[in-house]
Amino acid sequence: MSRPFKMEIAESEEELKKRLQTANLVNQKEKLQMLWWIKSGQIKEQQEIGNRLARDTSTITRWLQKYRTGGLSSLLKIKKAPGAKRKIHPGAIAALESELKTGKGFASYGAIVEWLKLEQGLEVEYATVYALVRYKLGAKLKVPRPQSHKHWR
């Protein structure tokens, strides 16, 4: 049998219930549900929260500690992974953009890969260059050829 625990919840039952209904992330719903159960007196033991939410008691302990130290905003904060560092720095992108606008253009995306290696000292994969040029910059490789304006009858 786990020991009973005391936990002061600053938010009202109504506020927690309202936030619980509007929360759309499962992780946040679980945390709000936990606080609501404690506030409404439905739960007396930490282990019971773990059982109801199918979570390990160490997870519940971590959540409660986060709430104690930083309140509701800290508990519900969503951490975002930093992601990988950009392979092509802004200066190289600017240089590539101006090169694409010169009118010479490039014969292929492979030629851009080579240009980046020679001019910017960057080793970049073909797929990365393709995605950057085609979708981020919205550029075409070559300048469109002039069209003759012959009228056909």
Side-chain angles (χ1 to χ4, degrees), residues 1-102 105-142:
M1 193 80 181
S2 67
R3 61 187 177 87
F5 74 107
K6 288 266 186 253
M7 182 79 189
E8 283 297 318
I9 308 297
E11 294 75 20
S12 68
E13 265 186 71
E14 294 77 34
E15 185 184 342
L16 289 169
K17 193 165 189 157
K18 198 174 284 182
R19 289 194 70 159
L20 186 57
Q21 289 167 341
T22 59
N24 43 8
L25 295 173
V26 174
N27 189 278
Q28 288 183 337
K29 277 186 187 281
E30 287 179 322
K31 293 170 181 178
L32 287 163
Q33 183 72 62
M34 170 187 76
L35 293 178
W36 185 73
W37 283 334
I38 295 167
K39 184 71 175 187
S40 61
Q42 294 182 37
I43 285 186
K44 302 285 183 239
E45 297 173 353
Q46 198 168 318
Q47 192 173 353
E48 195 179 341
I49 299 169
N51 292 342
R52 283 193 187 186
L53 293 175
R55 293 286 194 155
D56 191 73
T57 50
S58 63
T59 301
I60 303 303
T61 303
R62 203 171 51 253
W63 288 356
L64 292 171
Q65 189 57 41
K66 208 172 242 183
Y67 180 79
R68 278 188 193 103
T69 57
L72 190 61
S73 61
S74 175
L75 178 66
L76 299 180
K77 188 175 183 182
I78 301 164
K79 289 188 205 144
K80 192 171 184 305
K85 197 172 146 247
R86 291 196 171 269
K87 290 196 174 24
I88 307 174
H89 55 81
I93 293 172
L96 176 59
E97 267 188 298
S98 64
E99 191 68 23
L100 285 164
K101 289 175 185 168
T102 59
F106 289 95
S108 66
Y109 291 101
I112 297 174
V113 170
E114 283 303 307
W115 182 86
L116 284 168
K117 188 189 288 184
L118 293 171
E119 298 291 321
Q120 301 292 322
L122 298 172
E123 293 278 339
V124 186
E125 290 180 24
Y126 181 95
T128 306
V129 169
Y130 181 83
L132 171 74
V133 173
R134 194 80 185 96
Y135 302 115
K136 277 231 169 77
L137 302 178
K140 301 275 191 243
L141 285 183
K142 297 178 186 169

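Bear in mind the structure is a predicted one, so any value in this text is a computation, not a measurement. As a basis for the values below, the full set of heavy atoms in this structure was taken, side chains included, without hydrogen atoms, waters or symmetry mates. All residue numbers in this chain count up from 1 along the given sequence.
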N/O donor-acceptor pair under 3.5 Å between K117 side chain and E123 backbone = no
Between V124 and V113, what is the shortest heavy-atom contact and its length?
-> O-CG1, 3.4 Å
Kindly check if the number of other-residue, nucleotide or ligand heavy atoms within 6.0 Å of CZ (R68) is above 12?
-> yes
Apply the test side chain to side chain contact (heavy atoms under 4.5 Å, CB included) to residues I112 and L132: give CA-CA distance (whole Å), side-chain angles for both, the deciding distance (0.1 Å), then the verdict.
-> CA-CA 11 Å; I112 297 174; L132 171 74; over 6 Å; no
Backbone of V133 reached by a side-chain donor or acceptor of K136 within 3.5 Å | no
Could you grab the distance from atom CH2 of W63 to atom CG of L53, nearest 0.5 Å is fine?
-> 6.0 Å
V129 to Y109 - nearest heavy-atom pair and separation = CG1-O, 4.0 Å
Are Y130 and E125 side-chain neighbours, meaning at least one heavy-atom pair lies under 4.5 Å?
-> no
When you measure from the side chain of T22 to the backbone N and O of R19, does any donor-acceptor pair fall under 3.5 Å?
-> yes
Polar side-chain atom of Q28 near backbone of A23 as donor-acceptor pair, under 3.5 Å | no
Rounded to the nearest 0.5 Å, the CG atom of L35 sits from the CD1 atom of I49 at a distance of 8.5 Å
Closest non-hydrogen contact found for A95 with Q120 is CB-NE2, 3.5 Å
Heavy atoms, side chains only, cut-off 4.5 Å: are L75 and L32 in contact?
-> no
Does T57 offer a backbone N or O that forms a donor-acceptor pair with the side chain of T61 under 3.5 Å?
-> yes
Please list, chain by chain and in numerical order, all residues satisfying side-chain contact (heavy atoms from CB on, under 4.5 Å) with K87, sequence neighbours excluded.
-> none
Please step through side chain to side chain contact (heavy atoms under 4.5 Å, CB included) for the pair Q47 and I60, ending with a clear verdict.
-> CA-CA 8 Å; Q47 192 173 353; I60 303 303; over 6 Å; no
Hey, could you give me each pair passing salt bridge (charged side-chain N to carboxylate O under 4.0 Å, His left out) that has a residue in residues 22-32? Not counting sequence neighbours.
-> E30-R55
In Å and rounded to the nearest 0.5 Å, what is the CG to CD distance from L64 to Q46?
-> 5.0 Å
Mind checking whether I9 and M7 have side chains closer than 4.5 Å, heavy atoms only?
-> yes
Give, for atom OG of S12 and atom NZ of K18, the distance between the pair rounded to the nearest 0.5 Å.
-> 8.5 Å
Got a sec, which residues hit salt bridge (charged side-chain N to carboxylate O under 4.0 Å, His left out) with R52, two or more places apart in sequence or on another chain?
-> E48
Nearest heavy-atom approach of L100 to A139 is CD1-CB, 3.8 Å
So, do F106 and E99 sit near enough that their side-chain heavy atoms are less than 4.5 Å apart?
-> yes
Straight-line distance of L76 CG to K66 NZ, nearest 0.5 Å | 10.0 Å
